[in-house]
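Structure incoming, see below.
If you read the sequence from its start, that first residue is 1, and numbering goes on from there.
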Amino acid sequence: MSRSAPRLPVPALVLLAGLACGGHVRAQVQAYALDPVHTRVVFAVDHAGFSRAVGTVSGSRGTLLFDPHDWTSARLEAQVPIAALDLGDERWNRAVLARGLLDAEHHPEARFVSERVEPLDADRAAVHGSLTLRGVTRPATLEVVFNALKRHPMPPFRRTVGFSATTTLSRAAFGIDAWRSVIGDTVELRIEAEATRIRGGAGRAMPATASPPDVTEVPVSTYDLPLPPPPEPEPDPNP
């Protein structure tokens with residue numbers, strides 16, 4: 001992406017995204033880790049023309065490099081645990097994860113790596129990258145919407161970014177071509193994600209050929225923390 005792209009008025013984080021935001025002020029790139037609890041992939045595919053079968057995958061992990069003042073430095077690498085797929089029925093799960101379809105035994109993860117970001121407006125961007133699924137790598141583009149970049153209101157109060165993304169893919173392009181009379185070829189993907197800033201994860205802007213840093217710190221989800229006690233009940237004014 002050329003640096004002559006128009007200045008954007010608000011951050012537009014671009015990911016698995018990574019999102020974009022305006023300006024080309026030199027600043028440090030911050031490293032963020034995907035929150036595996038609050039990052040979820042939802043997919044839908046035609047089921048013999050009767051309905052759209054809907055499933056989810058939770059537990060994705062990955063690293064985002066992001067500078068809110070320079071969207072050209074945003075980069076994402078994410079791993080999606082295919083073996084955690086859930087279609088709402090154990091037998092259906094086993095069938096889809098079997099060798100004839102996703103072959104999760106030999107390919108338990110999908111992987112997305114961003115390559116360039118194309119801003120669409122202040123809050124949306126197209127994230128171009130490569131998706132590896134069932135051992136096959138193909139180009140993929142995520143349409144990403146920026147949701148928020150701020151300090152999380154729950155302990156440990158870490159700076160967090162959130163976004164939504166969508167894309168479609170052909171399962172046959174990845175060699176997943178069984179059951180054509182039952183399962184459609186076009187798969188719709190929706191991704192809801194949060195990423196938490198890694199302590200000490202700052203550094204100078206990295207060249208496009210650089211690899212994301214190794215992440216040894218897993219973000220703490222608010223689900224891992226004890227809930228605050230409920231408030232005391234108000235006294236009855238008319239005992």
Return the CZ to NE2 distance between Arg116 and His128, rounded to the nearest 0.5 Å. 4.0 Å
Flag, side chain of Arg99 to backbone of Glu105, donor-acceptor distance under 3.5 Å: no
Mind checking whether Arg171 and Thr186 have side chains closer than 4.5 Å, heavy atoms only? no
Contact summary for Ser130 and Thr137, nearest pair of heavy atoms: CB-CG2, 3.8 Å
Nearest 0.5 Å, what's the CG-OH distance between Leu76 and Tyr32? 13.5 Å
Can you tell me if Asp185 uses its side chain to pair, donor with acceptor, with the backbone of Ala172 under 3.5 Å? yes
Taking the basic N atoms (NZ, or NE/NH1/NH2) and the acidic carboxylate oxygens, is any pair closer than 4.0 Å for Arg75 and Glu77? no
Should Glu143 and Leu120 be marked as a side chain to side chain contact (heavy atoms under 4.5 Å, CB included) after you check the CA-CA gap, both sets of side-chain angles, and the distance that decides it? CA-CA 9 Å; Glu143 299 290 332; Leu120 302 177; 3.2 Å; yes
Please check: side-chain N/O of Asn93 versus main-chain N/O of Leu87, any donor-acceptor pairing under 3.5 Å? yes
For the residue pair Phe174 and Thr132, establish whether any side-chain heavy-atom pair is separated by less than 4.5 Å. no
Evaluate Arg52 against Asp46 for side chain to side chain contact (heavy atoms under 4.5 Å, CB included), listing each step before the verdict. CA-CA 5 Å; Arg52 306 289 290 173; Asp46 183 77; 3.4 Å; yes
Can you give me the closest heavy-atom contact between Leu102 and Arg134, atom names plus distance? O-CG, 3.6 Å
Tell me if the CZ atom of Arg190 is crowded by more than 12 foreign heavy atoms within 6.0 Å. no
Which atom names give the shortest non-hydrogen contact between Leu97 and Ala83, and what distance separates them? CD1-O, 3.9 Å
Would you compute the distance between atom CG of Leu131 and atom CZ of Arg111 and round it to the nearest 0.5 angstrom? 10.5 Å
Looking at Arg94 and Asp89, would you say the former's side chain and the latter's main chain have a donor-acceptor pair under 3.5 Å? no
So does Arg197 get a backbone contact from the side chain of Arg158, meaning a donor-acceptor N/O pair under 3.5 Å? yes
Is it the case that more than 12 heavy atoms not belonging to Phe50 sit under 6.0 Å from its CZ atom? no
Measure the shortest side-chain to side-chain distance between Val57 and Asp86 over non-hydrogen atoms and say whether it is less than 4.5 angstrom. no
Going by heavy atoms in the side chains, are His47 and Val182 under 4.5 Å from each other? yes
Looking only at atom types and distance, does a side-chain atom of Thr39 sit under 3.5 Å from a main-chain N or O of Glu194, one as donor and one as acceptor? yes
Looking only at atom types and distance, does a side-chain atom of Arg40 sit under 3.5 Å from a main-chain N or O of Val37, one as donor and one as acceptor? no
Looking at Thr168, Leu85, Ile191, Thr56, which one forms a side-chain contact (heavy atoms from CB on, under 4.5 Å) with Phe43? Leu85
Would you give the length of the straight line joining atom NZ of Lys150 to atom OG1 of Thr160, rounded to the nearest 0.5 angstrom? 9.5 Å
Nearest heavy-atom contact between Pro81 and Glu109 is CA-CG, 4.4 Å
Please name the pair of heavy atoms, one in Ala74 and one in Val117, separated by the smallest distance, quoted to 0.1 Å. O-CG2, 4.4 Å
Stepwise, does the side-chain hydrogen bond (donor to acceptor under 3.5 Å, both in side chains) test hold for Asn147 with Ser164? CA-CA 7 Å; Asn147 294 329; Ser164 304; 3.1 Å; yes
Give the C-alpha distance, both sets of side-chain angles, the deciding distance and a yes or no for side chain to side chain contact (heavy atoms under 4.5 Å, CB included) between Leu169 and Leu189. CA-CA 8 Å; Leu169 58 86; Leu189 296 179; 3.5 Å; yes
Do Val136 and Leu101 sit in one hydrophobic cluster, given that two such residues count as connected whenever their side-chain heavy atoms are within less than 4.5 Å of each other, even indirectly? yes
Once rounded to the nearest 0.5 Å, what's the spacing between atom OG1 of Thr141 and atom CD of Glu115? 9.0 Å
So, the side chain of Ser181 versus the backbone of Trp179: is there a donor-acceptor pair under 3.5 Å, distance only? no
CZ of Phe163 to CG of Leu149: how many Å apart, nearest 0.5 Å? 12.0 Å
With a 4.5 Å cut-off on side-chain heavy-atom distances among I, L, V, M, F, W and Y, is there a chain of contacts connecting Leu142 to Val113? no
Heavy-atom nearest pair, Gly100 first then Ala178, reads O-CB, 3.3 Å
Would you call Ile82 and Pro108 a side-chain contact if the rule is heavy atoms closer than 4.5 Å? no
Report yes if some heavy atom in the side chain of Arg180 is under 4.5 Å from a heavy atom in the side chain of Asp177; otherwise report no. yes
